[in-house]
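Let me begin by presenting the structure, written as structure tokens, before commenting on it.
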Amino acid sequence: MQYIAEKVITWHKSSGRHDLPWQKINDPYLIWISEIMLQQTQVSSVIPYYQRFIKTFPTVEKLAFADHDVVMKHWSGLGYYRRAKFIMQTAKIIVQQYQSKFPDSVEKLLSLPGIGKSTAGAICAFAFGGIEPIMDANVKRVFCRFYGIMEWPGKAQTQKYLWSLAEQNLPSNNIQIYTQALMDLGATLCKGSQPVCSQCPLQLKCVSFKSNLCHVIPAKKPKKTLITKQVNVLIVEANNQILFQKRSDSSVWEGLWSTPEIQDFSYTKKWIKDVLGLTKFNVVKQGAHLAIFSHYKLQLNYNHILLTETFSHQQLKDFLWIDRPKIGGEGIPTPIKKLLQNI
DNA sequence: TATTCGTGGGA
DNA sequence: TTCCCAAGAAT
């Protein structure tokens with residue numbers, strides 16, 4: 001067997017992680033859910049979401065026929081909400097076109113929404129024992145260090161090279177243990193900061209260790225100055241309830257319920273009239289709340305509006321009144337929840 | 001192909 | 001406090 005595979009498989013038996021909720025199972029549905037949740041999301045963050053999710057949606061059929069808002073509520077707080085839309089789409093496809101049975105080839109898995117090359121490889125390997133590579137942040141770090149790759153691993157050209165190395169290093173058996181071992185090594189020893197090279201099974205042939213480059217490999221992502229986006233929102237309150245509007249597709253917080261956006265506060269009166277058919281209200285507070293994202297800052301300018309006119313709560317499409325005490329449990333973006341806590 | 005998608009944890 | 005970034009994919 002190849003050097004890396006032999007070493008990490010042996011290492012994993014004594015020192016790998018063995019108690020993650022999605023291990024020791026081979027149900028492709030459960031493995032799929034875990035892999036989607038784990039995209040760009042740390043294990044410790046995923047665990048409670050995963051357990052709650054599979055309790056409510058234990059099978060692909062349950063998910064395929066689930067209510068959109070119930071699914072979003074389960075995803076609320078986890079981030080990257082497109083993933084929730086994609087799993088609903090894919091669940092329907094699995095039920096309708098695959099008779100509820102997951103395909104076992106990378107090619108077919110890749111055609112499903114939300115499943116890219118790495119997730120397809122992980123599902124193949126973990127659920128079906130397919131000899132397929134993955135390429136997550138852990139594997140990138142391990143291979144970059146082992147082979148002494150100086151370029152930023154997110155660069156397209158570098159990624160291509162990393163995939164070819166991942167292909168070359170595949171073992172012909174024990175693919176589940178090998179795949180898990182690579183990630184565990186990256187998560188527990190070959191960490192981003194302060195790697196524990198003294199315990200690493202790859203130490204003898206690791207280029208970065210031998211050349212003392214572990215502190216500069218992997219290379220950091222080139223920095224970009226964050227821009228600040230401005231958004232105006234209306235916090236409309238009546239009878240201890242807040243008015244929410246469903247976020248549209250292809251925008252931040254897609255599919256979640258949020259406080260309605262307005263182009264300019266000078267349109268407030270017209271907005272209240274058009275949406276609610278009301279003319280009487282008080283602006284009880286104005287302010288701003290800053291939310292920091294990984295790729296930009298969002299300044300939420302708000303007007304807190306109290307309706308002073310009695311009215312009937314007619315059902316408006318894509319609008320929803322939510323009791324203030326229930327806001328924490330709904331599918332609402334975290335920064336909006338925080339904003340409302342301070343109102 | 002470079003950008004856009006969140007949130008929370010850790011240094 | 002501030003910065004980085006994590007079991008990536010879609011466009």
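Chain letters run A, B, ... following the sequence lines, proteins first, then strands; residues in each count from 1.
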[X] has an atom [atom1]; how far is it from atom [atom2] of [N], in whole Å?
{"X": "Leu339(A)", "N": "dT7(B)", "atom1": "CG", "atom2": "C1'", "result": "17 Å"}
{"X": "Ile292(A)", "N": "dG9(B)", "atom1": "CD1", "atom2": "P", "result": "17 Å"}
{"X": "Lys220(A)", "N": "dA6(C)", "atom1": "NZ", "atom2": "P", "result": "12 Å"}
{"X": "Lys160(A)", "N": "dA2(B)", "atom1": "NZ", "atom2": "C1'", "result": "17 Å"}
{"X": "Ile36(A)", "N": "dA10(C)", "atom1": "CD1", "atom2": "C1'", "result": "12 Å"}
{"X": "Ile332(A)", "N": "dT7(B)", "atom1": "CD1", "atom2": "C1'", "result": "16 Å"}
{"X": "Ile87(A)", "N": "dG8(C)", "atom1": "CD1", "atom2": "P", "result": "17 Å"}

DNA chain C-proximal residues of residues 126-148 of chain A, any heavy atom under 4.0 Å: Asp136(A), Ala137(A), Asn138(A), Arg141(A)
Electrostatic pair Lys337(A)-Glu330(A), nearest N-O below 4.0 angstrom: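 The answer is no: the pair does not qualify as a salt bridge.
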Any salt bridge (charged side-chain N to carboxylate O under 4.0 Å, His left out) involving [range]? Give me the pairs, sequence neighbours left out, ordered by first then second residue.
{"range": "residues 168-192 of chain A", "value": "Arg17(A)-Asp184(A)"}
{"range": "residues 231-243 of chain A", "value": "Glu237(A)-Arg324(A)"}
{"range": "residues 118-136 of chain A", "value": "none"}

Is the backbone N or O of His12(A) less than 3.5 Å from a side-chain atom of His18(A), with the two atoms forming a donor-acceptor pair by type?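 Pair found, side chain donor or acceptor close to backbone of His12(A).
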Check residues 116-126 of chain A and write down every donor-acceptor pair under 3.5 Å in which the side-chain atom is one partner and the other belongs to a residue at least two apart or another chain.
| residue | atom | partner | partner atom | Å |
| --- | --- | --- | --- | --- |
| Ser118(A) | OG | Met135(A) | N | 2.9 |
| Thr119(A) | OG1 | Gln39(A) | NE2 | 3.0 |

Only counting residues at least two apart or in another chain, list the ones meeting salt bridge (Lys or Arg N to Asp or Glu O under 4.0 Å) with Lys270(A).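 Partners of Lys270(A) under the salt bridge (Lys or Arg N to Asp or Glu O under 4.0 Å) test: Asp274(A).
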Can you check whether Trp75(A) reaches Leu256(A) side chain to side chain, under 4.5 Å on heavy atoms?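 A side-chain contact is absent here, since even the closest heavy-atom pair is not under 4.5 Å.
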Under 4.0 Å, heavy atoms only, any strand: does [X] hit a base, just the sugar-phosphate, or nothing?
{"X": "Leu256(A)", "answer": "nothing"}
{"X": "Lys338(A)", "answer": "sugar-phosphate"}
{"X": "Trp22(A)", "answer": "base"}
{"X": "Gln180(A)", "answer": "base"}

Could you tell me how far [M] sits from [N] if I compare only their [atom1] atoms? Round to whole Å.
{"N": "dT11(C)", "M": "dG6(B)", "atom1": "P", "value": "14 Å"}
{"N": "dC5(B)", "M": "dT2(C)", "atom1": "C1'", "value": "23 Å"}
{"N": "dC4(C)", "M": "dT3(B)", "atom1": "P", "value": "16 Å"}

Considering just the side-chain nitrogens and oxygens of [X], establish if one lies under 4.0 Å of OP1 or OP2 belonging to [N].
{"X": "Ser193(A)", "N": "dC4(C)", "value": "no"}
{"X": "Lys337(A)", "N": "dT7(B)", "value": "no"}
{"X": "Lys223(A)", "N": "dC4(C)", "value": "yes"}

For residues 158-174 of chain A, which residue pairs pass the side chain to side chain donor-acceptor pair (under 3.5 Å) check, not counting sequence neighbours?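 Residue pairs passing side chain to side chain donor-acceptor pair (under 3.5 Å), neighbours aside: Tyr147(A)-Asn169(A).
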Side-chain donor-acceptor distances from residues 97-115 of chain A under 3.5 Å, at least two apart:
| residue | atom | partner | partner atom | Å |
| --- | --- | --- | --- | --- |
| Ser100(A) | OG | Glu61(A) | OE2 | 2.9 |
| Ser105(A) | OG | Lys108(A) | N | 3.2 |
| Ser111(A) | OG | Lys108(A) | O | 2.6 |

Distances for protein N or O near nucleotides 3-6 of chain B N or O, under 3.5 Å:
| residue | atom | partner | partner atom | Å |
| --- | --- | --- | --- | --- |
| dC5(B) | O2 | Arg82(A) | NH2 | 2.7 |
| dG6(B) | OP1 | Tyr80(A) | N | 3.3 |
| dG6(B) | OP1 | Tyr81(A) | N | 2.8 |
| dG6(B) | OP2 | Trp253(A) | N | 2.5 |
| dG6(B) | O4' | Tyr80(A) | N | 3.2 |
| dG6(B) | N7 | Ser294(A) | OG | 3.4 |
| dG6(B) | O6 | Tyr80(A) | OH | 2.8 |
| dG6(B) | N1 | Gln40(A) | O | 3.1 |
| dG6(B) | N2 | Gln40(A) | O | 3.4 |
| dG6(B) | N2 | Thr41(A) | OG1 | 3.2 |

